[in-house]
Amino acid sequence: MAVKDQEKTAFITPFGAFCYVSMPFGLKSAQATYQRCVQNCLHNQIERNVHAYVDDIVVKSREKETLIDDLKETFDNLRVY
């Protein structure tokens with residue numbers, strides 16, 4: 001979530017004011033925002049070695065020797081975003 005958008009999620013408790021630093025899935029269109037982000041992050045891997053679902057990312061490999069490389073590629077792409 002962008003820093004400028006964090007204040008839009010602010011709420012008050014007896015302990016003080018807080019705001020979300022990541023998107024809570026109770027917000028309207030949060031799932032669509034998440035799905036769009038994952039599609040952008042992993043666009044070059046989807047259907048090759050990644051399946052992205054609404055609440056899950058599955059990394060797959062044809063050979064067990066390449067699984068670590070596929071995971072590294074996935075985490076590297078996610079870190080960019």
Checking side-chain contact (heavy atoms from CB on, under 4.5 Å) for the pair Gln45/Val59: CA distance, chi angles, key distance, verdict?
CA-CA 9 Å; Gln45 285 184 267; Val59 180; 5.6 Å; no
Closest heavy-atom contact between Glu63 and Thr66?
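Shortest heavy-atom separation between Glu63 and Thr66 comes out as O-OG1, 2.9 Å.
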Considering non-hydrogen atoms only, spot the tightest contact between Val38 and Ile46 and give its length.
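Scanning both residues, the minimum pair turns out to be O-CD1, 4.5 Å.
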State the [atom1]-[atom2] distance between [X] and [Y], to the nearest 0.5 angstrom.
X: Lys72; Y: Leu67; atom1: NZ; atom2: CG; result: 14.0 Å
X: Leu42; Y: Arg48; atom1: CG; atom2: CZ; result: 10.0 Å
X: Cys37; Y: Leu78; atom1: SG; atom2: CG; result: 8.0 Å

Check side-chain hydrogen bond (donor to acceptor under 3.5 Å, both in side chains) between [X] and all other residues, then give those that pass, not counting sequence neighbours.
X: Asp56; value: none
X: Lys60; value: His51
X: Ser61; value: Asp70

For Arg62, which residues count as a salt bridge (Lys or Arg N to Asp or Glu O under 4.0 Å) partner, sequence neighbours excluded?
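With neighbours one apart ignored, the set is empty.
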Suppose we screen for ring-ring contact (aromatic ring centres under 6.0 Å, His included). Which residues come up paired with Phe11, at least two apart in sequence or across chains?
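With neighbours one apart ignored, the set is Tyr20.
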With a 6.0 Å cut-off (strictly less than), is the heavy-atom count around CZ of Phe75, excluding the residue itself, greater than 12?
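No, not enclosed.
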Hydrophobic cluster mates of Val80, side-chain heavy atoms under 4.5 angstrom, ILVMFWY only, any path?
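Direct or chained contacts put Val80 with Tyr81.
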Mind checking whether Val58 and Val50 have side chains closer than 4.5 Å, heavy atoms only?
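No; the side chains remain at least 4.5 Å from each other.
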